[in-house]
Amino acid sequence: MKRTKIAHLLQSGAVNTTVNVRGWVRTKRGSKGVAFIQLNDGSTIHDIQIVVNLETLGEECVKNAHTGACLSVIGTLIASQGSGQSVEVQATEVVVLGEANPEEYPMQPKAHSMEFLRENAHFRPRTKTFSTVLRLRHGLAFAIHKFFHDKGFYYLHSPIITGSDAEGAGEMFRVTTLDAKNPPLNENKEVDFSQDFFGKATNLTVSGQLEGEIGAMAMGDIYTFGPTFRAENSNTARHLAEFWMIEPEMAFYELEDNMELAQEFIQYVIRFALENYADDLKFLDERLAKEESQKKAEERSGMGLIEKLRFVVDNDFKRLSYTEAIEVLKNSNHHKKGKFQYNDIKWGMDLQSEHERYLVEKEYKQPVILFNYPKNIKSFYMKQNVNEEVGKETVRAMDILFPGIGEMIGGSQREESYEKLLKVITDKQMPMESLWWYLDLRKFGTAPHSGFGLGFERLIMFVTGMSNIRDVIPFPRTPKSAEF
RNA sequence: UCCUUCUUAGCUCAGCUGGUCAGAGCACAUGACUGUUAAUCAUGGGGUCCUUGGUUCAAGCCCAAGAGAAGGAGCCA
């Protein structure tokens, strides 16, 4: 008999039909004559209740239906006599496809700590919270493709292995087939990468942006969406060594167009989640409310998860130039009372996360777009603003800051002038030879263009309300941790 | 990488000033119960107190080193 997914079963409500459901046991309970099994197959957050009449079917058939076991159940979908659910399956046949020895199976029908679940990442998707996160992760990925596709953007597959070491976004993972114990050396006693697989030193990509610009300078609007890798030894709830990034790159976009697109994009995908994953979000909303109620009053965010998402969808993000932001910080009571750890606020400094958090969480209480940053603290490829006083040069960069997350998006208008870009590269003593093709884009048919990068996991964190980035990716990669 | 904290039963944790301190709840097993919703009730099994070394008459508790984890910082997305 053909299997019906639980999501479909609950939606159709076709009572008095015979169905076959298959899934994993959440809990089993019951008395002498009847057993109740909560079965879940991942298709929805909701379980289906299986009712087993032990007198007619015998106790043996559910003896091994412990938490975690996989079952195939044939039965009749009926209106439930109980109050916890509207329909249930009155079983006529229960087959245990895969047992789960309760003495050894680590998952239990109770709340586990997120740490424990990370250590059991192979069973983690069987929990309510994590399967909900995974459904939303899928939904958001789909929404991202839909948003860009509907706008006429092309999905460009930037390389995972890169020979370019000039992206400057962070420490890189070396990719090599050379013998780690005994690598070939050149005259200078350095590793001779000319003998390596690619004939040169290669790494895992830290960003697809530079390749994205190649796409934009021919296809107009493109986006990349793939894994990126940073070998930074950062141990925080907001960083991963392997994470997914979305990087659109658009020809003929100025910084303002870039900011507009970024806001529209975030609002679109969040609206998509609200419209298509209401049940999952409701569960996360309640979960977060429970968590919040245990916090001290001053640490509470004051808004529920769904409320927060609606707010972001319905309101324009606050736009603020870096220079204005410095003024706001300087004039804040927080600063005057010396409450910032780095309280010496002056133009030209890189904003610390406490400053960003103050702006987003205390001053404006909404997403904030900061733009026009000092040239000296930003990347080489960003376009410089014109007519500025000496020592106060800025570039057309923008960051979008989110409450609880920090930087969600970093982007800029790119320098399209060959001469200006060449000068910056020379001044910064960057390796010209690996950037020849990047410079060629300016030499031949250059155009104003812009783009940004969005950390997919940080978006998922915001939408799900999860507080640790390791809990929004199936297989987190962090320093000292690559199990599974 | 730095700072702080943590590591006791399968899980979540308690364990006071170093001296009946090997404990609870849940889970699990067995039994009871005619429809349960984290079912309930009774009984039971279950421990390298992270590791190593030290102090002490005596260490789960104090000290040192190591391992792992969490939170914060830096870096960033």
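FYI, side chains are in, hydrogens and waters are out, and symmetry mates aren't considered; it's all heavy atoms of this structure.
- Residue E356(A) is out of contact with every strand shown, counting any heavy-atom pair closer than 4.0 Å.
- Distance CG (L117(A)) to C1' (G10(B)): 14 Å, rounded to an integer number of Å.
- Here Q352(A) reaches the OP1 or OP2 of G74(B): one of its side-chain N or O atoms lies under 4.0 Å away.
- Here C28(B) sits opposite G44(B) as a Watson-Crick or G-U wobble pair (both hydrogen-bonding atom distances under 3.5 Å).
- Remark: G60(B) base-pairs with no nucleotide; criterion is Watson-Crick or G-U wobble with both hydrogen-bond distances under 3.5 Å.
- Ring pair F142(A)/H138(A) is parallel by interplanar angle, where below 30° counts as parallel and above 60° as perpendicular.
- Remark: P of U37(B) and CZ of R26(A) are 18 Å apart, rounded to the nearest angstrom.
- Under the Watson-Crick or G-U wobble criterion, with both distances below 3.5 Å, G74(B) has no partner in any strand shown.
- Judged by the 6.0 Å and 45° rule, K378(A) forms a cation-pi pair with Y373(A).
- Across all strands, N468(A) comes closer than 4.0 Å only to sugar-phosphate atoms, never to a base (heavy-atom distances).
- Across the strands present, A69(B) finds its partner in U5(B); the criterion is a Watson-Crick or G-U wobble pair with both atom distances under 3.5 angstrom.
- Rounded to a whole Å, the CG atom of L459(A) is 17 Å from the C1' atom of C76(B).
- As the counterpart of U17(B), no nucleotide is assigned, since no Watson-Crick or G-U wobble pattern has both distances under 3.5 Å.
- Atom-to-atom, CD of E103(A) to P of C11(B) comes out at 14 Å; the value is rounded to the nearest Å.
- When Watson-Crick and G-U wobble pairs are counted only if both distances are under 3.5 Å, C33(B) pairs with no nucleotide at all.
- Dashed line: the shortest gap from a side-chain N or O of R29(A) to OP1 or OP2 of G35(B) is not under 4.0 Å.
- No donor-acceptor distance shorter than 3.5 angstrom exists from the side chain of T205(A) to the backbone of T228(A), with no hydrogens or angles considered.
- Residue S80(A) is in base contact, counting any heavy-atom pair closer than 4.0 Å across all strands shown.
- With hydrogens and angles ignored, no donor-acceptor pair under 3.5 angstrom links the side chain of E55(A) to the base of U34(B).
- Dashed line: the shortest gap from a side-chain N or O of R238(A) to OP1 or OP2 of A73(B) is under 4.0 Å.
- Rounded to whole Å, atom P of A67(B) lies 8 Å from atom NZ of K480(A).
- If you check the side chains of Y381(A) and Q209(A), you find a donor sitting under 3.5 Å from an acceptor.
- Using the Watson-Crick or G-U wobble rule with both distances under 3.5 Å, A39(B) pairs with nothing in any strand shown.
- To the nearest angstrom, P of A73(B) lies 10 Å from NE2 of H239(A).
- Rounded to a whole Å, the CG atom of D350(A) is 10 Å from the C1' atom of C76(B).
- I409(A) comes within 4.0 angstrom of the backbone, heavy atoms only, and of no base.
- Other residues, nucleotides and ligands contribute only 12 or fewer heavy atoms inside 6.0 Å of the CD atom of E59(A).
- Rounded to whole angstrom, the span from the CD atom of E119(A) across to the P atom of C50(B) amounts to 15 Å.
- Taking the six-membered ring for Trp and thresholds of 30 and 60 degrees, F340(A) and H335(A) have ring planes inclined between 30 and 60 degrees apart.
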